[in-house]
Amino acid sequence: MAERSQTATEAGNDLGNDDTIGGNVSKYMVLPTGYCGQPKKGHLIFDACFESGNLGRVDQVSEFEYDLFIRPDTCNPRFRVWFNFTVENVKESQRVIFNIVNFSKTKSLYRDGMAPMVKSTSRPKWQRLPPKNVYYYRCPDHRKNYVMSFAFCFDREEDIYQFAYCYPYTYTRFQHYLDSLQKRNMDYFFREQLGQSVQQRHLDLLTITSPAGRRSW
């Protein structure tokens with residue numbers, strides 16, 4: 001396991017802005033500045049290298065606080081909303097504040113009571129964080145981007161925790177669902193390939209109609 005996987009900041013410049021974000025972090029352990037000893041519990045490990053994962057950079061602000069940078073959409077670098085990442089190597093009763101610092105939206109349901117989702121190894125069902133622990137605001141320290149901050153307390157050292165913008169729904173899960181519908185041979189459901197995405201994924205065209213409305217080929 002890499003203790004300090006190279007981040008975009010280390011590979012590029014130290015301006016501390018989201019222009020330096022590359023790919024998702026992969027088992028990235030955050031060590032305190034100047035720390036030279038062996039990694040130990042409480043040195044958080046972040047990972048987003050999985051389907052629907054999104055976390056491009058992690059900056060430790062203080063002992064308890066972390067700035068998290070999300071990656072932009074593939075074809076729209078100005079659009080940054082989704083995040084989904086895991087945290088492990090936690091210490092029992094460890095309290096943290098995570099700041100998602102580069103949101104692109106000025107309006108968000110986070111301003112109206114919505115809260116991020118969390119689950120862990122021993123509690124695999126998604127739950128919302130308490131809204132009282134979530135704050136959405138404009139921050140002058142981050143080029144006036146909107147920031148969503150939330151406080152969290154880790155309670156089980158052996159667990160891996162996962163945080164997400166809302167309930168994740170992956171492309172693979174969606175394809176499995178479409179496959180199951182197609183196998184049912186329903187008269188009113190038609191599926192065909194419209195094209196491919198930039199990542200060479202199938203783009204499906206779905207038609208739901210009455211049997212009489214089916215087109216002839």
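- In this structure, R95 forms no cation-pi arrangement with F152, as its terminal cationic atom is not both closer than 6.0 Å to the ring centre and no more than 45° off the ring axis.
- Nearest approach of T207 to E192, heavy atoms of both residues: OG1-OE2, 4.4 Å.
- A donor-acceptor contact closer than 3.5 angstrom is absent between the side chains of D112 and Y136.
- Heavy-atom minimum distance, G56 versus R71: CA-CG, 3.6 Å.
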| task | Test salt bridge (charged side-chain N to carboxylate O under 4.0 Å, His left out) on K41 and E92 and set out the steps. | result | CA-CA 9 Å; K41 283 289 185 181; E92 185 176 352; over 6 Å; no

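- Between D59 atom CG and R57 atom CZ the span is 4.0 Å, to the nearest 0.5 Å.
- Rounded to the nearest 0.5 angstrom, M148 CE and C139 SG are separated by 13.5 Å.
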| Worked check of side-chain contact (heavy atoms from CB on, under 4.5 Å) between F83 and L55 | CA-CA 6 Å; F83 64 86; L55 181 62; 6.0 Å; no

| side-chain contact (heavy atoms from CB on, under 4.5 Å) assessment of F190 paired with I208 | CA-CA 6 Å; F190 308 101; I208 300 176; over 6 Å; no

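- The hydrophobic cluster containing V147 also contains Y135, counting ILVMFWY residues as joined when their side-chain heavy atoms lie under 4.5 angstrom apart, directly or transitively.
- Considering only heavy atoms from C-beta on, N84 stays 4.5 Å or farther from F163 through its side chain.
- Atom CD of E63 has 12 or fewer heavy atoms from other residues, nucleotides or ligands within 6.0 Å.
- Checking side-chain atoms of D47 against main-chain N and O of T86 turns up no donor-acceptor pair under 3.5 Å.
- Checking side-chain atoms of R111 against main-chain N and O of T106 turns up a donor-acceptor pair under 3.5 Å.
- Side-chain contact between L206 and F189 is present, with at least one heavy-atom pair separated by less than 4.5 Å.
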Would you give me the side-chain donor-acceptor pairs under 3.5 Å for residues 176-183, sequence neighbours excluded?
| unit_1 | atom_1 | unit_2 | atom_2 | d |
| --- | --- | --- | --- | --- |
| D179 | OD1 | R191 | NH1 | 2.8 |
| S180 | OG | Y177 | O | 2.6 |
| Q182 | OE1 | R191 | NH1 | 2.9 |

| request: Take D204 and Q175 through the test side chain to side chain donor-acceptor pair (under 3.5 Å) and record every step on the way to the result. | output: CA-CA 9 Å; D204 292 291; Q175 289 298 305; 3.0 Å; yes

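- Counting only heavy atoms from C-beta outward, the side chains of P131 and M114 never approach each other to under 4.5 Å.
- Across all their heavy atoms, N24 and C49 have their closest contact at O-SG, 3.8 Å.
- In summary, the side chains of D67 and N99 do present a donor paired with an acceptor at a separation below 3.5 Å, with no hydrogens or angles considered.
- Rounding to the nearest 0.5 Å places OG of S122 at 3.5 Å from CG of D159.
- When the side chains of ILVMFWY residues are joined at heavy-atom separations under 4.5 Å, either directly or via intervening members, I160 and V118 end up in two distinct hydrophobic clusters.
- Taking each heavy atom of P168 and A164 in turn, the nearest pair found is CG-CB, 3.9 Å.
- A distance of 7.0 Å separates OG in S104 from CD1 in I70, rounded to the nearest 0.5 Å.
- Connectivity analysis of hydrophobic side chains (ILVMFWY, heavy atoms under 4.5 Å, direct or indirect) links W126 to M117, Y167.
- Checked by atom type, the side-chain pair R123/S120 shows a donor-acceptor distance below 3.5 Å.
- Listed for the Q94 side chain is a donor-acceptor partner under 3.5 Å among the backbone atoms of G42.
- There is a side-chain donor-acceptor pair under 3.5 Å between Y137 and S149.
- The closest side-chain heavy-atom distance from Y188 to M186 is below 4.5 Å.
- Side chains of T121 and E158: no donor on one and acceptor on the other come within 3.5 Å.
- Note: E157 CD to E88 CD = 13.0 Å, rounded to the nearest 0.5 Å.
- Proximity of a side-chain donor or acceptor of Q60 to a complementary backbone N or O of S62 within less than 3.5 Å is detected.
- Scanning all heavy atoms of the two residues, the minimum distance from R128 to A115 falls at NH1-O, 2.7 Å.
- P39 places a side-chain heavy atom less than 4.5 Å from the side chain of M29.
- Hydrophobic cluster membership is shared by F103 and L109, with clusters built from Ile, Leu, Val, Met, Phe, Trp and Tyr side chains linked at under 4.5 angstrom.
- Hydrophobic clustering (ILVMFWY, side-chain heavy atoms < 4.5 Å, transitive): F64 and V101 are in distinct clusters.
- Taking CZ of F85 as the reference point, atom CG of N54 lies at 10.0 Å (rounded to 0.5 Å).
- Identified under the ring pair (Phe, Tyr, Trp, His ring centres under 6.0 Å) test for residues 105-124, with sequence neighbours left out: Y110-Y165.
- A chain of hydrophobic side-chain contacts below 4.5 Å, direct or via other Ile, Leu, Val, Met, Phe, Trp or Tyr residues, connects L68 to V96.
- Between the W82 side chain and the S52 main chain, a donor and an acceptor come within less than 3.5 Å of each other.
- A salt bridge does not link R173 with E51: every distance from a Lys NZ or Arg NE/NH1/NH2 to an Asp or Glu carboxylate oxygen is 4.0 Å or more.
- One N or O on the side chain of N89 and one on the backbone of K40 form a donor-acceptor pair closer than 3.5 Å.
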| said: Applying side-chain contact (heavy atoms from CB on, under 4.5 Å) to L205 and Q193, what does each step give before you reach the verdict? | reply: CA-CA 6 Å; L205 174 64; Q193 184 177 338; over 6 Å; no

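- Summarising the geometry of D155 relative to Y161, their closest heavy-atom pair is OD1-OH, 2.7 Å, with the distance given to 0.1 Å.
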| task | List the steps, then state whether ring pair (Phe, Tyr, Trp, His ring centres under 6.0 Å) holds for F98 with F46. | result | CA-CA 12 Å; F98 289 150; F46 294 82; 5.7 Å; yes

| Candidate pair N145 and R80, rule side-chain contact (heavy atoms from CB on, under 4.5 Å), full reasoning | CA-CA 11 Å; N145 283 323; R80 302 176 305 275; 3.7 Å; yes

